[in-house]
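Below is one structure, written out as structure tokens, with a few remarks after it.
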Amino acid sequence: MTLVREGPFRFRIEPQDRMRVPGVVFATEELLPQAVGDKALEQVVNVATLPGIVRASYAMPDVHWGYGFPIGGVAATDVDAGGVVSPGGVGFDISCGVRLLAAGIDRTSLAPRMRALMDLLGDTVPRGTGRGGLWKLSGRAQMEKLLVEGAGYAVECGHGVARDLERCEDRGALEGADPSHVGQRAVERGLQQVGSLGSGNHFLEVQAVEQVYDAETAAVFGLHTGQVCVMIHCGSRGLGHQVCTDHVRVMDQSLRSFGIQLPDRQLACAPVVSSPGRGYLGAMAAAANYGRANRQLLAEAARHAFAVAAKAGLDLVYDVSHNTAKIETHDVDGVPRRLCVHRKGATLALPPGHPALPEGLVESGHPVLVPGTMGTASYVMVGADGNDAFWSSAHGAGRVWSRHEALRQVRGEQLRGDLESRGISVRPSSWRGLAEEAPDAYKDVDAVARATEGAGLARMVARLVPLGVVKG
DNA sequence: ATGTTC
């Protein structure tokens with residue numbers, strides 16, 4: 001494979017063999033070797049062979065190896081020209097995403113109450129594998145309402161305020177959700193988990209705005225230097241995982257009937273307009289809405305803890321999903337086309353003035369939330385003009401060590417001590433889980449943010465630093 | 001990511 005530099009933050013993989021489009025990798029010299037080292041670029045090449053793919057197979061600066069598609073990968077297929085949809089292009093954690101809330105308190109005022117706040121959050125935020133959530137649903141009928149209405153159903157049931165929905169991507173519900181394609185096992189796994197973090201890289205952090213790069217946009221987002229924030233990173237738990245598992249199986253079995261040949265079976269897919277394609281997209285949207293309701297419930301738990309322990313409110317800045325496939329219209333070679341845009345570990349990043357932006361954010365552009373790791377910064381960015389990756393951006397730091405390697409290198413108890421000595425409170429779910437998510441297991445999020453801005457994918461608005469971590 | 005192997 002040959003990488004050709006196209007610009008200071010952009011590399012190109014020329015089409016070869018069965019690639020239908022080039023690969024485009026957004027990276028710096030410092031990030032690129034890590035991407036090459038972990039097989040992610042082979043996956044960029046594999047994705048470029050998918051039926052109906054247009055423009056390029058893209059890799060964001062935080063790209064790393066994933067199931068079939070790389071995490072940090074973006075691929076769009078032409079719906080009306082045989083384009084496919086692939087569950088591997090969304091990932092197992094459908095609608096995994098980030099929600100940021102701005103507190104009505106600054107870090108200096110919170111400091112004396114921080115211990116009590118973290119204790120309360122640690123006691124009230126459900127987390128870890130399995131276990132229960134904050135909101136027990138009564139059965140399939142209630143679940144179906146949640147799967148169609150997403151965060152809106154949570155608000156309707158008293159878990160939040162109407163304004164929250166104005167600050168959610170898609171107003172909290174992805175269109176086209178079809179619960180009839182969500183199997184009973186997925187529903188059963190989901191009934192007890194609404195309002196829970198899960199495990200892995202999921203977290204709820206108390207953060208502070210350390211630096212503002214763009215005061216005007218920060219003000220539109222409701223952020224200022226010194227302000228306390230809450231960042232929530234989680235997804236669709238067992239329900240989304242089961243939806244992915246079920247539909248990968250269906251598509252794997254239908255590949256032959258569509259005459260699709262793949263370089264990797266994990267790219268299992270079907271035409272968007274086919275029965276398995278439509279079934280998956282309906283189920284995927286439903287699972288996406290579960291993920292959005294999940295974050296809505298966790299935000300309510302954070303609001304309760306802040307009201308009690310910090311005497312402060314929390315306003316939603318934004319809620320974004322970074323694991324989705326969405327039907328969008330984009331110009332391809334000057335012609336508007338309906339595309340199925342897979343964003344797997346990639347965030348929607350609409351530029352200022354885009355007609356799909358929610359009211360109040362039309363002039364600023366779409367908020368891009370880039371969480372780091374528990375010991376490092378997170379970034380608030382905003383969509384920029386000139387983004388040819390279907391208005392997509394990075395979604396986080398990106399792993400460099402496998403979980404196994406992290407466990408070899410790091411002890412959870414030691415890590416907690418290190419973080420506490422740096423003034424970062426930690427409320428872990430398990431020592432093992434903590435060690436697997438050690439900051440050293442990830443790329444440098446500052447470098448990822450610089451590359452994201454340098455590549456023209458999004459602009460920096462603010463840098464947030466962690467004060468306390470509730471770890472999944 | 002995941003009732004971390006139906």
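So you know, we letter chains A, B, ... as the sequences are listed, proteins then strands, and number each from 1.
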Using a cut-off of less than 4.0 Å, is there contact between a side-chain N or O of A:Arg432 and OP1 or OP2 of B:dT4? no
Separation of B:dA1 atom P from A:Trp65 atom CH2, nearest Å, is 12 Å
Q: Name the nucleic acid region contacted by A:Gly235, choosing base, sugar-phosphate or nothing; use a 4.0 angstrom heavy-atom cut-off, strictly under.
A: nothing
Under 4.0 angstrom, heavy atoms only, what part of the nucleic acid is A:Gln193 near: base, sugar-phosphate, or nothing?
-> sugar-phosphate
Checking B:dC6, B:dA1, B:dT2 against the side chain of A:Ser199 (C-beta onward), the nearest is B:dT2
In A:Glu436, A:Glu405, A:Glu437, the residue satisfying salt bridge (charged side-chain N to carboxylate O under 4.0 Å, His left out) with A:Arg399 is A:Glu437
Taken to the nearest whole Å, CZ/A:Arg249 to C1'/B:dC6 is 9 Å
query: How is A:Gly91 classified with respect to the nucleic acid when contacts are heavy atoms under 4.0 Å: base, sugar-phosphate, or nothing?
result: nothing
Check: Would you say the ring centroid of A:Tyr280 lies under 6.0 angstrom from that of A:His181?
Finding: no
note: A:Phe92, atom CZ; B:dT5, atom C1'; distance rounded to Å ~ 13 Å
- Task: Report yes if a side-chain nitrogen or oxygen of A:Arg237 is closer than 4.0 Å to either non-bridging phosphate oxygen (OP1 or OP2) of B:dT2; otherwise report no.
- Result: yes
In whole angstroms, the gap separating P of B:dA1 from CG of A:Asp93 amounts to 8 Å
So, A:Arg295 side chain and A:Ile232 main chain: donor-acceptor pair closer than 3.5 Å or not? no
Quiz prompt | Donor-acceptor pair present, A:Thr129 side chain and B:dT2 base, under 3.5 Å | solution = no
Rounded to whole Å, CZ of A:Arg185 lies from C1' of B:dC6 at a distance of 7 Å
note: A:His202, atom NE2; B:dT4, atom P; distance rounded to Å ~ 16 Å
Categorize A:Asn201 for me: base, sugar-phosphate, or nothing, with a 4.0 angstrom heavy-atom threshold over every strand shown. sugar-phosphate
note: A:His233, atom NE2; B:dA1, atom P; distance rounded to Å ~ 7 Å
If only side-chain N and O atoms of A:Ser236 are considered, is one of them under 4.0 Å from the OP1 or OP2 phosphate oxygen of B:dA1? no
Are A:His366 and A:Trp391 near enough that their ring centres are under 6.0 Å apart?
no
Rounded to whole Å, the CZ-P distance (A:Arg127 to B:dA1) equals 16 Å
Angle class for the A:Phe92/A:His241 ring planes (parallel below 30°, perpendicular above 60°, tilted otherwise)? tilted
